[in-house]
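Below is one structure, written out as structure tokens; the observations come after it.
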2 protein chains.
Amino acid sequence: MKPEAIKVACSNCNLRELCMPLGLSTEELNRIDDVVATRRKVKRGTPLFRNGEKFTSLYAIRTGFFKTCIATEDGRDQVTGFQMAGEIIGLDGIVNDQHTCDAVALEDAEVCVMPFDRIEELSREVNALQHHVHKIMSREIVREHGVMLLLGSMRAEERLAAFLLNLVQRLHARGFSQSELVLRMTREEIGSYLGLKLETVSRTFSKFVEDGIVEVRQRHVRILDTDALKRIVNAQSCH
Amino acid sequence: MKPEAIKVACSNCNLRELCMPLGLSTEELNRIDDVVATRRKVKRGTPLFRNGEKFTSLYAIRTGFFKTCIATEDGRDQVTGFQMAGEIIGLDGIVNDQHTCDAVALEDAEVCVMPFDRIEELSREVNALQHHVHKIMSREIVREHGVMLLLGSMRAEERLAAFLLNLVQRLHARGFSQSELVLRMTREEIGSYLGLKLETVSRTFSKFVEDGIVEVRQRHVRILDTDALKRIVNAQSCH
DNA sequence: CGGAAGTTTGATACCGATCAACCGATGTGG
DNA sequence: CCACATCGGTTGATCGGTATCAAACTTCCG
């Protein structure tokens, strides 16, 4: 949990095109190196931050896989997202200067710590960075609109199909297979994200296997028929 | 629909403390007047912007009431939020330079048009404005987390109770009653937002009336027992 | 190796969707 | 101003999808 004082540079990071704006001048690139203060390793099962903690920084995921979730006093729990390399977490903390959700590593992970006051400072001077920050926040808002659509109007099969397609698409953008993936989260966590119980998630996986749409061996999933998944997502509740 | 060339000033707007940062110097206040280019009237039932339209501006609601919703090709439709005076809409458009949802006036409305490039320009110079923009976006993200919790884990009564409490709370912050409100949206729109069918919304209202928690006359709602509503929201799915 | 955690599958219950009928409010044109 | 059409809302009956409860199995990990 101890912050590690490794000095790092975005300018030669292979995730740069995911985290950072494109088309920067060399001078701007060098300045942007300053937004990352340190890196921090987070062990599997361990929180990067927790609900109620003071907000200081955004985090760019270098390696590993996170979930963010909110818990209420009465024991309810909702996974609000799964995040992978190149994605930014911590945006929830800006509004009240404290985090309103937990971010937990689902596998050993490493993040770049980006103090938010430094981001604000630098984005006053580098227009591309300013706009980039705005885009990242807007993207998160739009993503959540999609989740609301899913939770508000889709049935179990549609939700799981949409979930799988979204995951492979993001993994593919990072150079992984379009058809094979390893789930880093449990059935229960998938269920929490999708508004389903873990048994329903399990049953729906089984149904997809029966229908020859996917192969599932524990957390290893191979998608055999992407189009079938797309058809499931787009099929309106027929009648 | 024609933009009207009324020159307006945030500095003497009675909604300023809702839209704009607090604690500005007189000089900063005067500069901020420049973010509002024009005002625009929107008739009831008419869109302020639509999915796919080019994004140019954020809008601050001066009067009236809006819904934002996304529609899919296959006929699904999801209300993603209801917005009232002092709230900002259009944030979804930043990421891809085009809007990804429709914003429709539920009653005759007027908005302040704030060209986004001007916002970015000015927030490079006025730190308080910069941070304010970040807070507005973060607040929207946190709000959507709450909706995800609602859609993912609450039952019909809990959803409607949470919805009513949220509405009166926001209305109260604008000087309206804590216990009386007029719904500007139909049962169907409430249902879409809450992930329920209109019949279920209607039945749940009826149940609340039976239990003496609210009085309902069409769209006029009087809350008789706020604590009961709060208890309903916080009651975990018991077993 | 043993226990805990995670997953699958079955049986049953229940909440909300669906289908349908009716009612009331609103608004429009003759 | 009234007749009538339309839209929104309520209520009832029934159906279906997902939750719940339960048991067995597998995998993981100390």
* **Under 4.0 Å protein heavy-atom contacts per nucleotide of nucleotides 2-12 of chain C, with B for base, S for backbone only and - for none** => ----SSBBBB-
Starting at [atom1] of [X] and ending at [atom2] of [N], how long is that distance when rounded to a whole Å?
{"X": "B/H220", "N": "C/dA25", "atom1": "NE2", "atom2": "C1'", "value": "12 Å"}
{"X": "A/M154", "N": "C/dA17", "atom1": "CE", "atom2": "P", "value": "16 Å"}
{"X": "A/L183", "N": "D/dT27", "atom1": "CG", "atom2": "C1'", "value": "15 Å"}
{"X": "A/E157", "N": "D/dG16", "atom1": "CD", "atom2": "C1'", "value": "13 Å"}
{"X": "A/I190", "N": "D/dT18", "atom1": "CD1", "atom2": "C1'", "value": "17 Å"}
{"X": "B/K197", "N": "C/dC15", "atom1": "NZ", "atom2": "C1'", "value": "15 Å"}
{"X": "B/L150", "N": "C/dG16", "atom1": "CG", "atom2": "C1'", "value": "15 Å"}
{"X": "A/E158", "N": "D/dG17", "atom1": "CD", "atom2": "P", "value": "11 Å"}

* Asked: So which pairs with a foot in residues 197-209 of chain B pass side chain to side chain donor-acceptor pair (under 3.5 Å), sequence neighbours left out?
  -> B/K207-B/D211
* Asked: Any ion pair linking A/E53 and A/R50 (charged N to carboxylate O, less than 4.0 Å)?
  -> no
* What nucleic acid atoms does B/G191 come within less than 4.0 Å of, heavy atoms only: base, sugar-phosphate, or nothing? -> nothing
* Asked: With no hydrogens and no angle check, is any side-chain donor or acceptor of A/R159 less than 3.5 Å from a backbone partner on A/L151?
  -> yes
* Among A/R143, A/K67, A/R174, the one residue meeting salt bridge (Lys or Arg N to Asp or Glu O under 4.0 Å) with A/E87 -> A/R174
* **Pair A/Y193 and A/F82, ring centroids less than 6.0 Å apart** => yes
* To do: Could you label the plane-to-plane angle of the A/Y59 and A/F49 rings as parallel, tilted or perpendicular, counting under 30° as parallel and over 60° as perpendicular?
  => parallel
